[in-house]
Amino acid sequence: MNGQHATVPRAAYAAGKHLRAVGLIGVMMPLAAQADFVEDSQLNLGLRNFYVDRDFKGENPRTSRDGSWSQGLDLRFTSGYTQGPLSFGVDAAAQYAYRLDGGSGRGPDSVLPYSQSSREQAREYGRAALTGKVRYSKTELRVGEHRPTLPVAFQDDSRQLVTTFNGFTVKSNEIDNLTLTGGRFTGISTRESSNREKLYLFTRPNGPRHTSDGLNFAGATYAFSPNLAASYFYGQLEGIYQQHYLGLTLNTELGAGYGLKTDLRYFNHNEDGDALYGKIDNRSYGAMTTLRKAGHAFGVGYQRMLGESAFPTLNGFVPQPYLVNWSAVAFIRPNESSWQARYDYDFVAMGIPGLNLTTRYLRGTGIDRGGDLSQTAENERDLFLSYVVQSGPLKGVAVEWRNIHAQFKHGNDYDENRLITTYTWKFW
């Protein structure tokens, strides 16, 4: 295996070292103060079996086929808090994956680490980390590893191991209906890496990597009512870009069992400081509205990219689900206009709880390829089917099939199938 990827002993050793640190912290606390720390703690082991196969079409694709089959583990310890006005806690996590099939003859599949020198996927990889936390009243400081779901930084749980960020965050709910969030991330561990690295702007596979010292961010979300909320976030990837985000979510009851959800999203990006990637000029807005009735949900969305640049993404194509048309294709290229039509069905309405269907079609046009090249277009069709066992010895086991068909006016089409089985074992 390539030396840069963690082996089982290395991951186990790191996890053991961190858990010993957790134990040491516990010993140092007065026994009376440990009560909530221990009683409110949780230890879970997430199991994920992940199969992916991508078949490329057209002339001269970079590879005819890529994919892999792997088994992953995600062990997470979450403590409670010590007693007192200023309370403390600590979380620990260890992730590990083992390749069951793939390897030689398969290209990089965005799931497992890939060595360009040996042209082979890693047999195994993993990582472990700690997060310390301090709480006062309704304000919490967290330092260490994070799995954020913010407009400025989003975890990636779409493959095998989860993309995580390293740094600190502060979250406060001191004012009713108002959530304030701020922090700084200085490192990232992407979904297909054992290592932590600095943040950079993803341009293309094996593209330039001008690293930033950190991502600074702050934002607020205010709930005007249970059905109406608005958000603003600011992000600064030092030396690369500045980002502004505005979002509005509205839920409306229409009567007779109908409900309407509307999401409005706006991003604005421009270069920051030394402009390590040159000029960045991207503004995007999107709207998504979904009509619900019983188990049915019908949605339509529109998204527009403005400016000379594509929507900026971080290391290894970290996702941005706050874009209404985010998907496998993403639809974030310069000047791209895209729309989607979506249908979801929850089979609980037919007496089959746990079974869900999602299908959608997305199309993007008007893409600026630069220079004198003609504009281009792309589209994607998705079919997702998932089931969670509701009872019996397999209760909690979830199985999901994802079928993705992507087409490009200038580029290689592909068909992709993912089969994912998950289960979370709760020790306490």
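One is the number of the first residue; the rest follow in order along the sequence.
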**Report entry** Partner of Phe217 under ring pair (Phe, Tyr, Trp, His ring centres under 6.0 Å), chosen from Phe154, Phe165, Phe185, Phe233
**Finding:** Phe185
Query raised in the report: Do the side chain of Lys279 and the main chain of Asn270 share a donor and acceptor less than 3.5 angstrom apart?
Result: no
Query raised in the report: What is the ring orientation for His296 with Tyr345, classed by angle as parallel under 30°, tilted 30 to 60°, or perpendicular over 60°?
Result: tilted
Report task. With side-chain hydrogen bond (donor to acceptor under 3.5 Å, both in side chains) as the test, would you mind laying out the steps for Ser309 and Asp281 before giving the verdict? Result -> CA-CA 5 Å; Ser309 307; Asp281 174 31; 5.9 Å; no
Report task. Assess the side chains of Asp53 and Asn417: does a donor N or O sit below 3.5 Å from an acceptor N or O? Result -> no
Query raised in the report: Taking atom types as modelled and ignoring hydrogens, do the side chains of Ser337 and Arg304 form a donor-acceptor contact shorter than 3.5 angstrom?
Result: yes
Query raised in the report: Can you find a heavy atom in the side chain of Val399 that is under 4.5 Å from one in the side chain of Leu419?
Result: yes
Report task. Answer yes or no: is there a donor N or O on one side and an acceptor on the other, between the side chain of Glu336 and the main chain of Ala377, under 3.5 Å? Result -> no
Query raised in the report: Which one of Arg333, Arg369, Lys409 satisfies the salt bridge (Lys or Arg N to Asp or Glu O under 4.0 Å) criterion with Glu378?
Result: Arg333
Requested in this report: Run the salt-bridge test on Asp91 and Lys133 with the 4.0 Å N-O cut-off and return the result as yes or no.
Outcome: yes
**Report entry** Proximity of Tyr245 and Tyr232 rings by center, below 6.0 Å
**Finding:** no
Report task. Any chance you could measure Leu323, atom CG, to Ile332, atom CD1, to the nearest 0.5 Å? Result -> 7.5 Å
Query raised in the report: Do Asn268 and Tyr266 have side-chain atoms, one donor and one acceptor, less than 3.5 Å apart?
Result: yes
Requested in this report: Considering only NZ, NE, NH1 and NH2 on the basic side and carboxylate oxygens on the acidic side, decide whether Arg147 and Asp74 come within less than 4.0 Å.
Outcome: yes
Query - Arg191 backbone acceptor or donor facing Thr163 side chain under 3.5 Å - result: yes
Query raised in the report: Does the side chain of Asn227 pick up a donor-acceptor pair with the side chain of Ser225 at under 3.5 Å?
Result: no
Query - Rounded distance [0.5 Å steps], CD in Glu380 versus OG in Ser338 - result: 10.5 Å
Report summary line: Phe56 meets the ring-ring contact (aromatic ring centres under 6.0 Å, His included) criterion, sequence neighbours left out, with Tyr414
Query raised in the report: Any Lys/Arg nitrogen of Arg99 or Glu120 sitting under 4.0 Å from an Asp/Glu carboxylate oxygen of the other?
Result: yes
Query raised in the report: With a 4.5 Å limit on heavy-atom distance, are the side chains of Trp339 and Gln303 in contact?
Result: no
Query - Side chains of Asn403 and Arg381, donor plus acceptor under 3.5 Å - result: yes
Report task. Look at the rings of Phe311 and His269 and say which category their plane angle falls in: under 30° parallel, 30 to 60° tilted, over 60° perpendicular. Result -> perpendicular
Report summary line: Rounding to 0.5 Å, atoms CD1 (Ile240) and CG (Leu201) come to a distance of 6.0 Å
Query raised in the report: Between Asn325 and Phe331, what is the shortest heavy-atom contact and its length?
Result: O-CD1, 3.6 Å
Report task. Only one of Arg123, Gln160, Arg48 passes side-chain hydrogen bond (donor to acceptor under 3.5 Å, both in side chains) with Ser70; say which it is. Result -> Gln160
Requested in this report: To the nearest 0.5 angstrom, please state how far the CG atom of Leu199 sits from the OG1 atom of Thr190.
Outcome: 11.0 Å
Query raised in the report: For residues Asn216 and Arg184, is any side-chain donor paired with an opposing acceptor at under 3.5 Å?
Result: yes
Query raised in the report: How close do Met288 and Gly301 get, heavy atom to heavy atom, and via which atoms?
Result: SD-CA, 3.6 Å
Query raised in the report: Are a donor atom and an acceptor atom from the side chains of Tyr234 and Gln242 found within less than 3.5 Å of each other?
Result: yes
Query raised in the report: Would you say the side chain of Leu362 lies within less than 4.5 Å of the side chain of Asp382, judging by non-hydrogen atoms?
Result: yes
Query - Chi angles and distances behind the side-chain hydrogen bond (donor to acceptor under 3.5 Å, both in side chains) call for Ser68, Gln121 - result: CA-CA 9 Å; Ser68 62; Gln121 298 167 342; 4.6 Å; no
Requested in this report: Hey, could you give me the CG/OG1 distance between Leu248 and Thr262, rounded to the nearest 0.5 Å?
Outcome: 8.5 Å
Report summary line: Shortest non-hydrogen pair, Leu215 vs Leu237, comes out as CD1-N, 3.8 Å
Query raised in the report: Is there side-chain contact between Gln42 and Ser79, with at least one heavy-atom pair below 4.5 Å?
Result: no
Query - Check: His244 ring centroid to Phe267 ring centroid under 6.0 Å - result: no
Requested in this report: Check the side chains of Tyr200 and Arg209 for a donor-acceptor pair under 3.5 angstrom, ignoring hydrogens and angles.
Outcome: yes
**Report entry** Side-chain heavy-atom pair Val318, Thr313 within 4.5 angstrom cut-off
**Finding:** no
Query - Side chain to side chain, Leu254 and Leu291, heavy atoms closer than 4.5 Å - result: yes
Query raised in the report: With no hydrogens and no angle check, is any side-chain donor or acceptor of Gln95 less than 3.5 Å from a backbone partner on Leu161?
Result: no
Query - Heavy-atom pair with the smallest gap, counting every atom of Val111 and Tyr125 - result: O-OH, 2.9 Å
Query raised in the report: Hey, are the side chains of Ile420 and Arg159 touching, using non-hydrogen atoms and a 4.5 Å cut-off?
Result: no
Query raised in the report: Is it true that atom NZ of Lys138 has more than 12 heavy atoms of other residues, nucleotides or ligands lying nearer than 6.0 Å?
Result: no
**Report entry** Leu355 CG to Gln390 CD distance, which is reported to the nearest 0.5 Å
**Finding:** 10.0 Å
Report task. Answer yes if the side chains of Thr179 and Asn173 hold a donor-acceptor pair under 3.5 Å, and no otherwise. Result -> yes
**Report entry** Smallest separation among heavy atoms of His146 and Thr169, with atom names
**Finding:** CE1-OG1, 3.3 Å
Report task. Go through the side-chain N and O atoms of Tyr96 and Glu124 and say whether any donor and acceptor fall under 3.5 Å apart. Result -> yes
**Report entry** pair Val300-Arg342: side-chain heavy atoms closer than 4.5 Å
**Finding:** no
Report task. Answer with yes or no whether the side chains of Asp263 and Thr249 bring together a donor and an acceptor at under 3.5 Å. Result -> yes
Query - Flag for Glu174-Thr139: side-chain donor and acceptor within less than 3.5 Å - result: yes
Query raised in the report: Quick one: do Lys198 and Asp213 make a salt bridge, cutoff under 4.0 Å?
Result: yes
Query raised in the report: Of the non-hydrogen atoms in Tyr81 and Val134, which two are nearest, and what is the gap between them?
Result: CE2-C, 4.1 Å
